Structure formats: structure tokens, C-alpha cells
Amino acid sequence: MSKKIATDIIVSQVNTNNSQSSRILMNIEDYHQAAKEKLSKMAYDYYRSGADDEITLQENTAAFRRIKLRPKVFVDVSHHSTDSNSCSVSLLNGQTTCSFPVLIAPTAMHRLADDRGELSTARAAVRAGTVMMLSTLSTTRIEDVAHEHQQALKEYPTSTSQLWFQLYILKDREFTKRLVQRAENAGFRALVLTVDASRFGNREADHRNGFRLPDNMQLENLYDAGLKEAQSDHVSALNDYVAKNLDASLTWSDIKWLRQISRLPIIVKGIMTGEDAQLAVQAGVDGIVVSNHGARQIDTTYTTIEVLPEIVAAVRGMHNKKKVDIYIDGGIRRGTDVLKAIALGADAVLIGRPVLWGLAVGGCQGVVNILEILKREFKLTVMLCGCASLPNSNTPLSIVQMSKSKL
């Protein structure tokens, strides 16, 4: 197989468990439905579910659909057909380049979807030329993911892919410090600090299913005697472990502590208000992820795309000397969604569940296909909307029209 990834229509076939015929997979929802058939109910519900009544979970995607595009015509967009880098983006003040503005969000326990788990995802990130954010709650060691990523970079030397590490700060600061140092020593290029998880949300599907990891898996980066005991029981035991170990006393002053133990750029994930965004900038972060944790923490909160304009205005209005990146996740399922987020001021978007659907269906190649589907759709939307270049903070509302929230 050629190492050059085509940007033509990605059409995959998969044999379902319920039929001998092949299903053509052309979009994210096709992969979602195929993954649902392949995954166990416990694993599927863990990946898919949200908090409480899952109102915000549904609204995350619905909110994108309510935003209308305002295409421009008679604009020369021909270079998008010939320039493979026409949709590339520079992030973290030039420290990172991605082939298009879609990054792989941190999601837990990839080995529930694929035997190679996070190793497959890391390799896919290299092939697609994007960033993979590795979750603290991964089922593969930091060092093993880094090794796989480095090996893939040797095979695809033109790739600009990077690894970033998603961090939960634990009450045991020395253990947290060791996690950060392990990531930095392994070659990770940024820290993504989750700030909206003083506790895990009420995810009823996991309780109904008695969620637990299979015996041949563990949360490799948190493995100790206490976690071993928690993993031997159902979800309540794991939640008890998290409740006992996640530090719920964190404040903005803890960004300074993190700065003292690492030289890596710091991105905070879980910002949903303009006020918090400004506090993050004042604390000296390098980036912000507008995120409601995939609607897995608080139900009936706003969707991320609804609050994005407020956060962009708050951050850009501070006229900070150092540019602070703004990313967004939650509900992105089409290339049109990516353009809507970029047009509203985001520097890039993060996708989580779609990556897991691709991983479940086709391992590394499945994740590559997911990213290429979004890239193809995104570039097509850019051209059809008359964007000679990608929208930026200077042209935030010219091609989109927001609608009112349904919540």
C-alpha cells in the first residue's frame, strides 16, 4: 500500500456480524453503526454514553446542524484541488503543524476497540499528519505509544504528527509529577490538562452494564495496588478509586505548579465560559479546549459550539502578547462541522468517538479512514463556501449564521 494517502472519496467495506454481505462505509455515521455491531454492549455503551438523560450528548451534534453556512461564489479556490497542504494549520505558535485542523482527542481505553489499542491510533495519527492526545486512562503505557509513534515517523518521514499527553492531576502530586516527566522524556510535545473532572459524571449506562475492564487489560499509566483492586470490580469500584485520587481542590494557581515541573506547553481542556477562558489566559496557558467532556460530566449544559463565540471574544479581546490557541470538541461528525468551528474562531477541532468507531471497525486503517473522510469533506466544504484560505479570527462570522440554543 502506498504511503501517500489519497484525498479522494474514502469508501471502505466491512462484513457485519449479522450479514454475509459487505456494507459500504462512506461517513462517520456509517462507521458508528458498524462499530456498534462489532463492539460488546459494555464497550459500546462506555464509548457512546453521556451523563444523566444524555440531553447535552444529543445537542452536541444537533447544535452544529442548526448553524447555517453562507457560501460565497466566484472565488478562486482552484489551488485546493492541487495543493495537498492548502488546509494545513500551524498551532502552538508554530511549534506544531497539522495537515488539516482536526486533532485526535484524548479518549480512554482504546484496547476495548482494538487489540493494539492506542498503538494503532498513534500510527494512524502519523499517517494522517495530525496530533494524537494520549489519555491518562489509556490501556497502553506512555513509553510504548511513544515508541510506536517514533517508528511510524521513520516510515512516514514527511509526517508532522506529534503526541500530546492528557493529564489528570491526582492528590498524589509526586505520582502526577512522574507521569508528566515520563511523557516529557518519551517525547510528548504538550500537556493537555483536564479541568472539568473533579469527579466523574453520572454515566448510568456503565452502572447498568457493570462496566469493568477485561482481565487482560489495565489502565497502564495508573497501575498500582489501589487501582488493581479497583479494576477487579465493577464501575462503582473504579469510580470510587477516581473519587479518592483525583484532586478536587485544584485552582488556577496549580497551573504555576505544573509550569514548575515541566517545560511543555500547557493546554487546559474543559472550558465552557468566557470568564474561565480569561482566567486561563491570565494563568499563562498556551491553549484552551472548549469542551463539555463529550457530554459525559454535566447534562443540560450548553453545547461547545454554542459557547465558542463567547470564548473566542473573551480571549481575543484580551490582546495577549502570546497567541493562545482555542480548540473545540464535542459533536463534530462532518467536514461542514469542522469549517463551522474554524469560522467561529477555533484554531482546530478535536474528535473522540469517531476515532473509536474507526478503531473498532478497522484498527489503524479504520482511524486513517475516519480522518481522511473528514479531510475530504472539510476541503470540499471550504471550496464550495468560497474560502480561498481558511477562515481566521479576523473573519469569524462571514460564512456562518448561528441559531439560538434549544436547551
Side-chain angles (χ1 to χ4, degrees), residues 17 28-65 104-114 117-118 121 133 135-139 166 168 194 196-214 217 219 230-231 233-243 246 269-270 272 289 291-305 328-333 337 350-361 366-367 370 406-407:
N17 294 332
I28 305 301
E29 183 57 23
D30 286 345
Y31 271 87
H32 175 195
Q33 293 306 318
K36 183 178 181 179
E37 293 184 10
K38 294 194 72 171
L39 290 166
S40 69
K41 176 175 171 51
M42 185 175 67
Y44 172 73
D45 283 350
Y46 176 78
Y47 287 151
R48 182 213 59 80
S49 63
D52 292 349
D53 299 309
E54 301 185 345
I55 294 169
T56 300
L57 179 65
Q58 298 174 44
E59 278 292 297
N60 268 353
T61 53
F64 274 99
R65 295 171 184 166
I104 297 175
T107 50
M109 308 179 194
H110 286 201
R111 288 191 60 214
L112 288 173
D114 173 68
E118 290 84 1
T121 309
M133 303 178 192
S135 171
T136 293
L137 303 180
S138 66
T139 42
Q166 177 272 328
Y168 289 109
T194 295
D196 62 354
S198 54
R199 291 290 187 273
F200 280 172
N202 179 35
R203 304 163 194 175
E204 294 178 354
D206 291 342
H207 289 281
R208 290 193 180 99
N209 293 332
F211 176 81
R212 65 186 297 273
L213 278 173
M217 298 179 201
L219 301 179
Q231 290 181 165
D233 203 347
H234 50 74
V235 66
S236 61
L238 184 57
N239 282 347
D240 287 346
Y241 174 86
V242 170
L246 284 184
K269 178 178 178 290
M272 287 292 289
V289 182
S291 175
N292 57 27
H293 212 109
R296 291 165 68 81
Q297 290 294 89
I298 309 174
D299 200 16
T300 71
T301 186
Y302 280 104
T303 70
T304 53
I305 195 65
I328 180 174
D329 68 8
I332 294 140
R333 300 295 183 267
D337 299 337
L350 280 56
I351 58 168
R353 289 183 179 94
V355 167
L356 297 170
W357 306 148
L359 191 64
V361 171
V367 178
I370 289 290
K406 296 296 183 179
L407 282 176

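All values below come from the heavy atoms of this structure, side chains included, with hydrogens, waters and symmetry mates left out. From a predicted model like this one, the values you see are computed outputs, not experimental measurements.
- Thr304 pairs by the side-chain hydrogen bond (donor to acceptor under 3.5 Å, both in side chains) definition with nothing, not counting sequence neighbours.
- Looking at Gln33 and Glu29, their side chains do bring a donor and an acceptor atom within 3.5 Å of each other.
- A side-chain donor-acceptor contact under 3.5 Å links Thr56 to the backbone of Thr301.
- Using a distance-only test at 3.5 Å, with no hydrogens or angles considered, a donor-acceptor pair links the side chain of Gln297 to the main chain of Arg199.
- Rounding to the nearest 0.5 angstrom, the gap separating the CG atom in Asp206 from the CZ atom in Arg296 is 6.5 Å.
- Within the 3.5 Å criterion, the main-chain N or O of Ile55 finds no donor-acceptor partner in the side chain of Glu59.
- Rounded to the nearest 0.5 Å, atoms CZ (Arg65) and CG (Asp337) are 8.0 Å apart.
- Ala63 pairs by the side chain to side chain contact (heavy atoms under 4.5 Å, CB included) definition with Arg66, Thr303, Ile305, Glu306, not counting sequence neighbours.
- Here the CD1-CD1 distance, from Ile28 to Ile332, works out to 11.0 Å after rounding to the nearest 0.5 Å.
- The two residues Ala113 and Tyr47 come nearest to each other via the heavy atoms N-OH, 3.4 Å.
- Minimum heavy-atom separation, Thr61 to Gln58: OG1-O, 3.0 Å.
- Taking CZ from Arg48 and CD from Glu54, the interatomic distance works out to 4.0 Å, rounded to the nearest 0.5 Å.
- Between Ile370 and Ile351 the shortest side-chain heavy-atom distance falls below 4.5 Å.
- Between Tyr44 and His32, the distance from one ring center to the other falls under 6.0 angstrom.
- Contact between Asn292 and Asp196 at its shortest, heavy atoms only, is C-OD2, 4.1 Å.
- Ring pair Tyr168/His293 is parallel by interplanar angle, where below 30° counts as parallel and above 60° as perpendicular.
- The CD atom of Glu118 sits 7.5 Å away from atom OG1 of Thr107, with the distance rounded to the nearest 0.5 Å.
- Of all heavy-atom pairs between Pro106 and Leu350, the closest is CD-CD2, 4.3 Å.
- You'll find the side chain of Asp329 reaches within 4.5 Å of the side chain of Val289, heavy atoms only.
- When side chains are defined from C-beta on, Leu137 does not count as touching Gln166, because their heavy atoms never get closer than 4.5 Å.
- Contact check for His110 versus Leu356: side-chain heavy atoms found under the 4.5 Å cut-off.
- The CG atom of Asn60 lies 8.5 Å from the OG atom of Ser291; values are rounded to the nearest 0.5 Å.
- Distance alone, capped at 3.5 Å, places no donor-acceptor pair between the Arg203 side chain and the Tyr46 backbone.
- At least one side-chain heavy atom of Trp357 sits less than 4.5 Å from a side-chain heavy atom of Leu39.
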query: Does the side chain to side chain contact (heavy atoms under 4.5 Å, CB included) test come out yes or no for Phe200 and Leu246, once each step is laid out?
result: CA-CA 9 Å; Phe200 280 172; Leu246 284 184; 4.2 Å; yes
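- Taking the side chain as every heavy atom from C-beta outward, Ser40 and Leu112 never approach each other to under 4.5 Å.
- Annotation: side chain of Phe64 is not in contact with side chain of Arg333 (no heavy-atom distance under 4.5 Å).
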